[in-house]
Protein chains: 2
Amino acid sequence: MKRRSDCPISNVLGHVGDKWSLLILRDMMFFEKKTYSELQNSDEKMATNILSSRLERLEKSGLITKQTDANDKRRKVYKLTQAGIDMLPILLEMIAWSSKYRPETNTYPEFYEAIQINRDRLIKDLSAELQASFT
Amino acid sequence: MKRRSDCPISNVLGHVGDKWSLLILRDMMFFEKKTYSELQNSDEKMATNILSSRLERLEKSGLITKQTDANDKRRKVYKLTQAGIDMLPILLEMIAWSSKYRPETNTYPEFYEAIQINRDRLIKDLSAELQASFT
DNA sequence: ATATTAACTTGCATTTCGAAAGTTAATTTT
DNA sequence: AAAATTAACTTTCGAAATGCAAGTTAATAT
């Protein structure tokens with residue numbers, strides 16, 4: 001996506017400001033999805049061509065990496081980079097907002113409670129966990 | 001936008017998961033824009049028909065309200081609701097991410113420093129300020 | 001009374017999206 | 001070794017969203 005201004009918010013939206021990219025990151029962060037087929041089976045069922053183009057863009061943006069699985073060369077393994085992992089606080093704030101204003105859609109109650117009690121701790125723990133799983 | 005799943009992240013994206021909606025909220029929060037013409041003159045210059053449809057959707061989502069100005073009935077004044085104000089943390093996390101990974105785009109250094117030092121304080125202060133200005 | 005302003009709406013070309021079918025290379029099954 | 005299956009895409013094409021320019025309407029300013 002082309003750059004639209006020097007605004008940092010606009011910049012982030014340039015990377016993930018569409019309907020799908022943040023859901024891909026969500027699936028990688030919270031549901032440990034790492035392959036094309038796993039990602040395609042999300043609740044929202046995105047079209048394969050869109051998934052393909054979003055993965056390509058996320059890679060170009062430096063939020064994920066793509067490697068061929070050594071044991072099965074058909075499989076491509078997608079991993080979050082540190083920049084990708086650091087999108088976590090944005091996602092957590094979305095969960096927090098929804099929990100407050102759309103409680104019926106909150107399916108991550110454990111995060112919501114944890115974020116209220118100690119947000120920094122939660123982010124550190126989750127980040128560390130993600131870092132470990134992507135190395 | 002139609003509901004796509006019960007996921008809270010997906011829900012938020014249902015309200016603001018496009019290229020423009022969060023920029024409208026940004027302009028209202030950080031630049032005190034409150035009318036159509038003010039919003040149209042953002043850095044990114046969104047098309048008028050898109051602005052119109054996004055404002056309508058934000059209103060339906062309960063993030064903003066629309067009132068006719070008492071002194072000039074041509075003017076429609078848009079205001080953030082509490083739910084809209086509570087999108088602030090999401091925007092601040094975007095600023096934080098950009099500050100870290102795209103420092104050249106960071107044009108809100110004052111927020112970035114403040115968020116590092118005392119995030120909760122900053123959010124409280126900004127929220128209070130916004131609440132005051134929208135009543 | 002005329003011109004200007006604010007907030008849209010409309011028409012239309014271009015771009016993006018979405019569903020389904022097709023392709024390619026690697027692996028598994030027979 | 002041949003056939004079937006699987007993973008990860010790519011292609012096609014109709015539908016929907018976007019972007020640009022021009023037009024509309026009501027209110028205010030001159």
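These numbers come from the heavy atoms of this one structure, side chains and all, not from hydrogens, waters or symmetry mates. Residue numbers start from 1 in every chain, and the chains themselves are labelled A, B, ... in the order their sequence lines are given, proteins ahead of strands.
Across the protein-nucleic acid pair, A/Arg57 atom CZ and C/dC17 atom C1' stand 13 Å apart, rounded to whole Å. For the pair A/Arg54 CZ and D/dA8 P, the interatomic distance rounds to 19 Å; values are reported in whole Å. Across the protein-nucleic acid pair, B/Leu23 atom CG and D/dT18 atom P stand 13 Å apart, rounded to whole Å. At whole-Å resolution of the value, NZ in A/Lys76 and P in D/dT6 are 18 Å apart. Separating the CD1 atom of A/Ile50 from the P atom of C/dT15 is a distance of 16 Å, rounded to the nearest angstrom. One can place NZ of B/Lys33 at 14 Å from P of C/dA6, the figure rounded to the nearest angstrom. Rounded to a whole Å, the CE atom of B/Met46 is 14 Å from the C1' atom of C/dC8. Put simply, CD on B/Gln40 is 13 Å from C1' on C/dT9, counting in whole angstrom units.
A search for salt bridge (charged side-chain N to carboxylate O under 4.0 Å, His left out) contacts involving B/Arg102 returns nothing, not counting sequence neighbours. Considering only residues two or more places apart in sequence or on other chains, B/Lys45 meets the salt bridge (charged side-chain N to carboxylate O under 4.0 Å, His left out) condition with none of them. Taking B/Ser99 as the reference, B/Ile95, B/Asn106, B/Tyr112 meet the side-chain contact (heavy atoms from CB on, under 4.5 Å) condition, with sequence neighbours excluded. In terms of the salt bridge (charged side-chain N to carboxylate O under 4.0 Å, His left out) criterion, B/Glu59 has no residue partners (sequence neighbours excluded). Remark: B/Gln82 pairs with B/Asp86, B/Gln131 by the side chain to side chain donor-acceptor pair (under 3.5 Å) rule, at least two apart or across chains. Residues satisfying the ring pair (Phe, Tyr, Trp, His ring centres under 6.0 Å) test with A/Phe30, not counting sequence neighbours, are A/Tyr108, A/Phe111. By the side-chain contact (heavy atoms from CB on, under 4.5 Å) test, B/Met29 is found to be paired with B/Leu25, B/Leu80, B/Met87, B/Leu88, B/Leu91, B/Leu130, residues two or more places apart in sequence or in another chain being considered. Not counting sequence neighbours, the partners of A/Arg121 by the side-chain contact (heavy atoms from CB on, under 4.5 Å) test are A/Asn118, A/Lys124, A/Asp125. Remark: A/Lys73 engages no residue in a salt bridge (charged side-chain N to carboxylate O under 4.0 Å, His left out) (not counting sequence neighbours).
In the model, A/Ser10 has a side-chain atom that pairs as donor or acceptor with a side-chain atom of B/Glu44 under 3.5 Å.
OP1 or OP2 of D/dA17 has not a single side-chain nitrogen or oxygen of B/Trp20 nearer than 4.0 Å. Within the 4.0 Å cut-off from OP1 or OP2 of D/dA17, not a single side-chain nitrogen or oxygen of B/Lys19 is found. For the pair A/Tyr78 and D/dC9, the criterion of a side-chain N or O lying under 4.0 Å from OP1 or OP2 is met. Taking side-chain N and O atoms only, B/Ser52 has no distance below 4.0 Å to OP1 or OP2 of C/dC8.
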Footprint string (nucleotides 20-30 of chain C, 5' to 3'): B base within contact, S backbone only, - free, heavy atoms under 4.0 Å = BB----BS---
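In this structure, B/Arg54 CZ and B/Asp18 CG are separated by 4.5 Å, a value rounded to the nearest 0.5 Å.
When heavy atoms are screened at a 4.0 angstrom cut-off, B/Ser53 is found touching no nucleic acid atom at all. B/Lys45 comes within 4.0 angstrom of no nucleic acid atom, judged by non-hydrogen atoms across all strands.
Checking D/dA8, C/dC17, C/dC8 against the side-chain heavy atoms of B/Lys66 singles out C/dC8 as nearest. Distance from the side chain of B/Ser37 is smallest to C/dA6 among C/dA6, D/dA7, C/dC8.
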Every protein N/O within reach of nucleotides 2-4 of chain D N/O, cut-off under 3.5 Å:
none

Polar atoms only, N or O, under 3.5 Å: list the protein pairs with nucleotides 1-3 of chain C and their distances.
none

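The 12-atom threshold is not exceeded at CD of B/Glu113, counting heavy atoms of other residues, nucleotides or ligands nearer than 6.0 Å.
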